Amino acid sequence: MPSLSQFLLAVLQAVLFLAAAPLLSGFMRVIRAKMHTRHGPGVLQDYRDIIKLMKRQDLRPPASGFVFRLVPVILPATLMVIAMGIPVVGRTAPVTAFSDLITVIYLFALVRFFFSLSGLDSGSSFAGIGASRELTLGVLVEPVMLLSLMVAALLAGSTDLGAIGTAVGTLQMSSLAATVMAGVAFAFAVYVELGKLPYDMAEAEQELQEGPLTEYSGPSLAMIKVSLALKQLLVVAWFIAVFLPFGKATSMAPLALAGSFLLFVLEMVAIFVVVGIVENSVARTRFRLTPRHSWLGVGIASLAFVFYLAGL
């Protein structure tokens with residue numbers, strides 16, 4: 001059982017993730033605008049949009065069921081549980097019960113399942129197409145994530161995210177080549193999961209990635225938009241915690257925690273700058289071609305597993 005201080009740190013961490021999620025999406029918009037040499041919206045635009053949506057009426061289609069109504073609550077709640085279990089400032093997660101690799105994978109799968117189910121439950125044909133697309137993307141991406149993370153877990157001898165991060169951060173992994181290959185495969189899966197070009201451009205509800213949002217409005221739409229931004233933030237934080245855990249605090253001293261948090265923010269900013277550069281340097285591709293690209297991630301993850309078996 002976590003102590004009171006650990007539980008409070010976990011709650012604070014989850015609240016900070018939730019509060020910073022719209023800032024992340026605004027930051028990505030600013031990068032896109034700068035690369036297109038246009039002014040674009042400000043970094044705080046998503047906060048303004050959320051406040052505007054919270055003041056509007058929440059409408060639901062007559063054909064929708066209880067799943068459609070519950071998803072705006074289930075998504076942020078599940079993602080905040082994930083946020084409580086990711087090691088951000090320390091080598092161990094604030095709540096270790098939520099930091100198990102299998103638990104985090106299933107919680108992310110739960111988010112995808114309910115997000116897709118909400119589109120099907122809305123009764124809209126376009127939302128149903130977006131839901132089918134979301135499930136298809138999960139089938140293509142999740143095996144890459146699973147295989148790369150399992151290689152890291154086998155090398156560290158534990159499925160705890162903190163233990164894996166500690167093994168990587170202290171360079172105690174038994175196979176360096178397998179670790180690097182697993183990190184590359186997971187980074188590829190994270191990029192696809194972020195929904196960036198060439199696979200998607202989630203700028204409006206007419207895009208298939210946000211198809212399940214077609215029938216949402218008002219506060220429900222605001223909560224789901226925050227949840228999608230929070231999911232992107234957590235996926236990258238997951239990658240940092242497992243494969244870039246360097247500089248984490250080894251004690252609960254305030255100065256050590258502050259330094260570790262600053263390093264985490266810098267790593268997060270650097271990753272999203274790279275993502276923004278890659279996204280705005282490639283062209284949109286047809287979604288039906290995505291399976292051809294996903295085989296690249298599967299191949300790299302499989303090669304990491306081969307390296308693990310060979311002890312390289």
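Residues take their numbers from the sequence shown, with the count starting at 1. Computed from a predicted model, the values in this text were never measured in an experiment.
- Residues Pro22 and Ile50 are in side-chain contact: their nearest non-hydrogen atoms beyond the backbone lie under 4.5 Å apart.
- In this structure, CD1 on Ile105 lies 13.5 Å from CG on Leu110, to the nearest 0.5 angstrom.
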Report task. Would you please test Glu134 and Phe115 for side chain to side chain contact (heavy atoms under 4.5 Å, CB included) and show each step? Result -> CA-CA 8 Å; Glu134 182 70 17; Phe115 181 59; 4.1 Å; yes
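- For Arg48, the side chain to side chain donor-acceptor pair (under 3.5 Å) partners are Gln45, not counting sequence neighbours.
- Between the side chain of Tyr106 and the backbone N or O of Leu101 there is no donor-acceptor pair closer than 3.5 Å.
- What you find for Ala185 and Val144 is that their closest heavy atoms are O-CG1, 3.5 Å.
- With hydrophobic clusters built from ILVMFWY side chains whose heavy atoms lie under 4.5 angstrom apart, Leu266 does not share a cluster with Leu233.
- Connection of Val15 to Met223 is not established within any shared hydrophobic cluster, with ILVMFWY side chains joined at heavy-atom distances below 4.5 Å, either directly or through further cluster members.
- Checking side-chain atoms of Ser64 against main-chain N and O of Arg60 turns up no donor-acceptor pair under 3.5 Å.
- Without hydrogens or angle criteria, Ser220 side chain to Tyr216 main chain gives no donor-acceptor distance under 3.5 Å.
- Using a 4.5 Å cut-off on side-chain heavy atoms (C-beta onward), Phe246 and Leu263 make no contact.
- For the pair Leu70/Phe114, no side-chain contact is recorded, criterion being any heavy-atom separation below 4.5 Å from C-beta on.
- Between Phe186 and Phe239, the ring planes are parallel. Angles under 30° get that label, and only those over 60° would be called perpendicular.
- Between atom OG of residue Ser116 and atom CG of residue Asp121 there is a gap of 12.5 Å, rounded to the nearest 0.5 Å.
- Counting only heavy atoms from C-beta outward, the side chains of Trp238 and Leu149 approach each other to under 4.5 Å.
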Query raised in the report: When you look at Glu279 and Met28, which way does the side chain to side chain contact (heavy atoms under 4.5 Å, CB included) test go after all the steps?
Result: CA-CA 10 Å; Glu279 178 190 13; Met28 294 302 296; 4.1 Å; yes
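- Of all heavy-atom pairs between Asp49 and Arg29, the closest is OD2-NH1, 3.9 Å.
- Across every non-hydrogen atom of Met150 and Ile102, the tightest pair is CE-CD1, 3.2 Å.
- The two residues Asp46 and Gly26 have their closest heavy-atom pair at OD2-N, 3.9 Å.
- For Phe27 and Phe272, the gap between ring centers reaches or exceeds 6.0 Å.
- A continuous path of hydrophobic side-chain contacts links Val235 to Phe243 [ILVMFWY only; heavy atoms under 4.5 Å].
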Report task. Could you check Leu244 against Ile271 for side chain to side chain contact (heavy atoms under 4.5 Å, CB included), going step by step and ending with a plain yes or no? Result -> CA-CA 11 Å; Leu244 295 176; Ile271 288 175; 4.3 Å; yes
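- By the rule that hydrophobic residues join a cluster once side-chain heavy atoms approach within less than 4.5 Å of another member, Ile51 and Leu44 end up as members of separate clusters.
- Within the 4.5 Å cutoff, side-chain heavy atoms of Ser302 are placed close to those of Leu147.
- At distances below 3.5 Å, not a single donor-acceptor pair connects side-chain atoms of Glu215 with backbone N or O atoms of Gly119.
- What you find for Val71 and Pro76 is that their closest heavy atoms are O-CD, 4.1 Å.
- Applying the side-chain contact (heavy atoms from CB on, under 4.5 Å) test between Met181 and each of Leu176, Leu303, Val306 identifies Leu303 as the sole match.
- Atom CD1 of residue Ile277 and atom CD1 of residue Ile31 lie 7.5 Å apart, to the nearest 0.5 angstrom.
- In this structure, the side chain of Ser260 engages the main chain of Val89 through a donor-acceptor pair within 3.5 Å.
- Proximity of Leu135 to Val139: side-chain heavy atoms (C-beta onward) are nowhere separated by under 4.5 Å.
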Requested in this report: Please step through side chain to side chain contact (heavy atoms under 4.5 Å, CB included) for the pair Glu193 and Gln232, ending with a clear verdict.
Outcome: CA-CA 8 Å; Glu193 190 72 27; Gln232 293 184 355; over 6 Å; no
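- In this structure a side-chain-to-backbone donor-acceptor pair under 3.5 Å is present from Gln13 to Ile86.
- Applying the side chain to side chain donor-acceptor pair (under 3.5 Å) test to Thr159 and every residue at least two apart in sequence or in another chain returns Asp100.
- Contact of the Leu79 side chain with the Leu107 side chain is not registered, since no non-hydrogen atoms from C-beta on lie closer than 4.5 Å.
- Residue Phe261 places its CZ atom among 12 or fewer non-hydrogen atoms of other residues, nucleotides or ligands, all under 6.0 Å distant.
- To the nearest 0.5 angstrom, Leu155 atom CG is 6.5 Å from Tyr308 atom OH.
- Between Phe307 and Ala177 the shortest heavy-atom distance is CD2-CB, 3.7 Å.
- One hydrophobic cluster, built from ILVMFWY side chains closer than 4.5 Å, holds both Val265 and Ile240.
- The NZ atom of Lys225 lies 13.5 Å from the CG atom of Leu75; values are rounded to the nearest 0.5 Å.
- Considering only heavy atoms from C-beta on, Leu16 comes within 4.5 Å of Leu12 through its side chain.
- Interatomic distance, CD1 of Ile82 versus CE of Met80, reported as 11.5 Å (0.5 Å rounding).
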